Amino acid sequence: MGQPDITSLIPIIITLALSLTTRNVVIGLFGGVFSGVVMLNGIAPLDTFGTLVKDYLVPQLTDSYNAGVIVLLVFIGGFVALMEQSGGGQAFAAKVTHWVSSKCRAQLSSWFGGIFIFFSDLGTPLIVGPVFRPLFDKLKLSRQKLAFIIDSTSSPVAILIPFIGWGVYIMGLLQKEFTSLGVAITDWEAFVRAIPFQFYAFLAIFIVPLVAIKKLDFGPMAIAEAKAQQGIITAASTDSLKTFTHKNAKASFVFAPLLVMALVLVMMLAPLGFPFEKVSGSVFRAALSSAYFFAAITLISLMAFYGVRKINDGISVYLKGMGNMMQVAIVLILAWTLSSVGKELGTAAYIAEQAQAGFPYWLVPAVAFLLSAIISFATGSSWGTFAIMMPLVIPTAIAIDAPLYACIGAVLSGGLFGDHCSPISETTILSSTGSGCDQFEHFRTQLPYALLNGSIALVSFIAAGLMQSPAVLAFALVSQACMVYLLAKWQRNAQPSPVSSTQA
């Protein structure tokens with residue numbers, strides 16, 4: 001290849017076009033990879049696919065780091081499936097409801113439940129929703145509010161934790177770029193240092209107690225709450241969510257496996273000085289895989305002991321959960337391959353060269369946030385958005401000395417923001433399903449909160465680009481509190497009677 005030029009962007013353009021058109025990131029990534037291989041090796045209909053597999057896909061699978069990430073994701077998938085199908089989450093949430101006697105407590109308890117069940121963003125709606133739905137109906141809280149709380153504590157919580165599926169997936173993308181660029185930063189270090197810059201995740205989580213304690217509803221949510229107060233429940237047209245429950249299920253099904261997981265990690269990593277000293281990625285992933293495996297054995301044994309599931313049944317659930325991670329693995333492999341193809345074409349070098357020609361370094365986080373939000377909104381996939389954006393943003397940030405961790409946080413926040421605003425997002429669908437709320441009702445009542453948080457996050461990323469300080473997070477949270485208070489006050493003044501008998 002000669003000097004990289006604008007043609008090096010073709011695989012990325014094809015990836016975006018196909019992802020947005022088909023709403024399927026796998027199709028988009030494959031199209032981008034295939035077009036890049038054609039550009040590098042010429043058009044040979046009979047040989048191109050073979051070349052793609054032999055020279056581009058297989059090396060990603062045989063790479064020790066990549067293989068370690070995929071193995072870990074498989075163990076995580078099996079454990080998450082067990083948790084979701086043990087009935088322990090429902091038993092735990094039922095325990096929480098014993099002290100709930102007010103609207104505020106109901107909202108806060110469902111919020112705590114969503115945070116505690118952090119191990120699966122998709123499991124949270126299916127566990128928390130069905131348990132708290134009758135309580136919300138009884139206390140005359142809208143199902144839209146329950147869907148909003150579930151959505152605010154699923155992905156936003158999961159994206160902040162490095163040792164579950166989200167973190168492992170993201171670190172896999174980060175390490176690929178650092179290795180290609182020869183940067184001496186570990187994936188763990190980058191993920192942890194980017195956490196304070198994940199502005200949207202923190203804003204989404206902390207808006208729930210703010211709204212619940214101060215009763216600061218606004219927009220369509222305020223009207224939905226007023227209708228619920230009159231006993232008008234907006235339920236889904238097909239309110240038929242079925243989750244696994246069992247009379248013998250215990251809350252310990254949640255606590256015990258997590259405790260075992262923590263003990264295994266401490267026993268394997270503490271002698272090496274972790275977390276005060278760096279531990280190699282391979283050792284860390286091996287420890288995590290071991291922790292998830294022994295936690296799964298604990299849960300399978302507990303279910304068998306209490307008569308919830310037989311050993312063979314538990315193992316079947318575990319193996320099925322492992323298989324469910326196949327699509328995630330495919331997305332990762334294609335993302336790694338697209339990154340490698342892009343390096344050969346000089347895509348990152350070309351983008352960095354254009355950015356150096358006059359693009360202000362402090363604006364990179366804000367632009368990364370906006371682009372990620374647009375892609376995520378259109379595709380309904382935050383994970384796919386990360387796979388597309390990381391290979392573009394990280395090399396650009398390093399080339400023009402933009403704040404790297406703020407840029408990583410911007411991609412993650414943008415993907416999450418677009419996902420929250422998208423009516424076709426999987427978490428949007430599951431949150432409305434879990435709460436028994438109409439999908440469009442959840443979308444339209446949550447949208448004003450998401451847009452508020454997204455606007456604050458955008459301003460915060462501009463500030464982070466200039467200041468390069470995690471202290472910007474405090475500014476974002478204070479701004480959120482002020483804006484929610486003002487909007488709720490305006491809502492009450494503009495609409496003192498949010499619903500009338502005719503509206504009902």
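Atom set for the values below is all heavy atoms of this structure, side chains included, hydrogens, waters and symmetry mates excluded. What you see is a predicted model, and the numbers here were worked out from it, not measured in a lab. The first residue of the sequence shown is numbered 1, and numbering continues consecutively from there.
At least one side-chain heavy atom of I205 sits less than 4.5 Å from a side-chain heavy atom of W111. For the pair V472 and F199, the minimum side-chain heavy-atom distance is below 4.5 Å. Side-chain contact between F369 and P365 is absent, with no heavy-atom pair separated by less than 4.5 Å. In this structure, the side chains of W336 and Q175 stay at 4.5 Å or more apart for every pair of heavy atoms. Between L334 and L57, some side-chain heavy-atom pair lies under the 4.5 Å cut-off. Two residues are said to be in side-chain contact when any heavy atoms from C-beta on lie closer than 4.5 Å; I185 and L404 meet this criterion. Considering only heavy atoms from C-beta on, S460 comes within 4.5 Å of F475 through its side chain. When side chains are defined from C-beta on, I170 counts as touching I159, because their heavy atoms get closer than 4.5 Å.
Side-chain N or O atoms of R309 include none that pairs as donor or acceptor with a backbone N or O of G314 at under 3.5 Å. The main-chain N or O of D151 is found under 3.5 Å from a side-chain atom of H420 such that the two form a donor-acceptor pair. A distance-only check finds no donor-acceptor pair linking the side chain of S422 to the backbone of G418 [under 3.5 Å]. Under a 3.5 Å cut-off, the side chain of Q480 and the backbone N or O of L203 do form a donor-acceptor pair. S372 contributes no side-chain N or O that, together with a main-chain N or O of G415, makes up a donor-acceptor pair within less than 3.5 Å.
Pairing each heavy atom of K54 with each of P59, the nearest pair is O-CD, 3.5 Å. F191 and G167 get closest at one heavy-atom pair: CE1-CA, 3.8 Å. Nearest heavy atoms, A304 versus I311: CB-CD1, 3.6 Å. Taking both residues in full, the closest heavy atoms of S86 and A249 are given as O-CB, 3.8 Å, listed atom of the first, atom of the second, then distance. Across D187 and M171, no two heavy atoms sit closer than the pair CB-O, 3.5 Å. Nearest heavy-atom pair, I333 versus T337, reported as atom, atom and distance to 0.1 Å: O-OG1, 2.7 Å.
Note that CG of L82 is 11.0 Å distant from CG of L302, once rounded to the nearest 0.5 Å. Atoms CD1 and CE, from I408 and M390 in turn, are 6.0 Å apart once rounded to the nearest 0.5 Å. Put simply, CZ on F132 and CG on L146 are 8.5 Å apart, with the number rounded to the nearest 0.5 Å. The distance from the CD atom of E177 to the CD1 atom of I398 is 8.5 Å, given to the nearest 0.5 Å. How far OG of S155 is from CH2 of W166: 4.0 Å, rounded to the nearest 0.5 Å. For the atom pair L139 CG and C104 SG, the distance stands at 11.5 Å (nearest 0.5 Å).
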Please step through side-chain contact (heavy atoms from CB on, under 4.5 Å) for the pair L319 and M322, ending with a clear verdict. CA-CA 5 Å; L319 294 176; M322 286 181 157; 4.1 Å; yes
Candidate pair V393 and V367, rule side-chain contact (heavy atoms from CB on, under 4.5 Å), full reasoning: CA-CA 10 Å; V393 172; V367 172; over 6 Å; no
If you apply the rule side-chain contact (heavy atoms from CB on, under 4.5 Å), what do you find for K145 with I149, and how did you get there? CA-CA 6 Å; K145 175 64 70 67; I149 294 172; 4.0 Å; yes
Assess whether side-chain contact (heavy atoms from CB on, under 4.5 Å) is satisfied between V283 and L269, documenting all intermediate values. CA-CA 8 Å; V283 171; L269 297 179; 4.1 Å; yes
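A tilted orientation is assigned to the rings of F253 and Y306, their planes being inclined by 30° to 60°. Using cut-offs of 30° and 60° for the angle between ring planes, the F79 and Y292 rings count as perpendicular.
Enclosure of atom CZ in F294 is not indicated, since only 12 or fewer non-hydrogen atoms of other residues, nucleotides or ligands lie within 6.0 angstrom.
A donor atom on one side chain and an acceptor atom on the other are found under 3.5 Å apart for K176 and S340.
Between F255 and F116, the ring center distance clears the sub-6.0 Å criterion.
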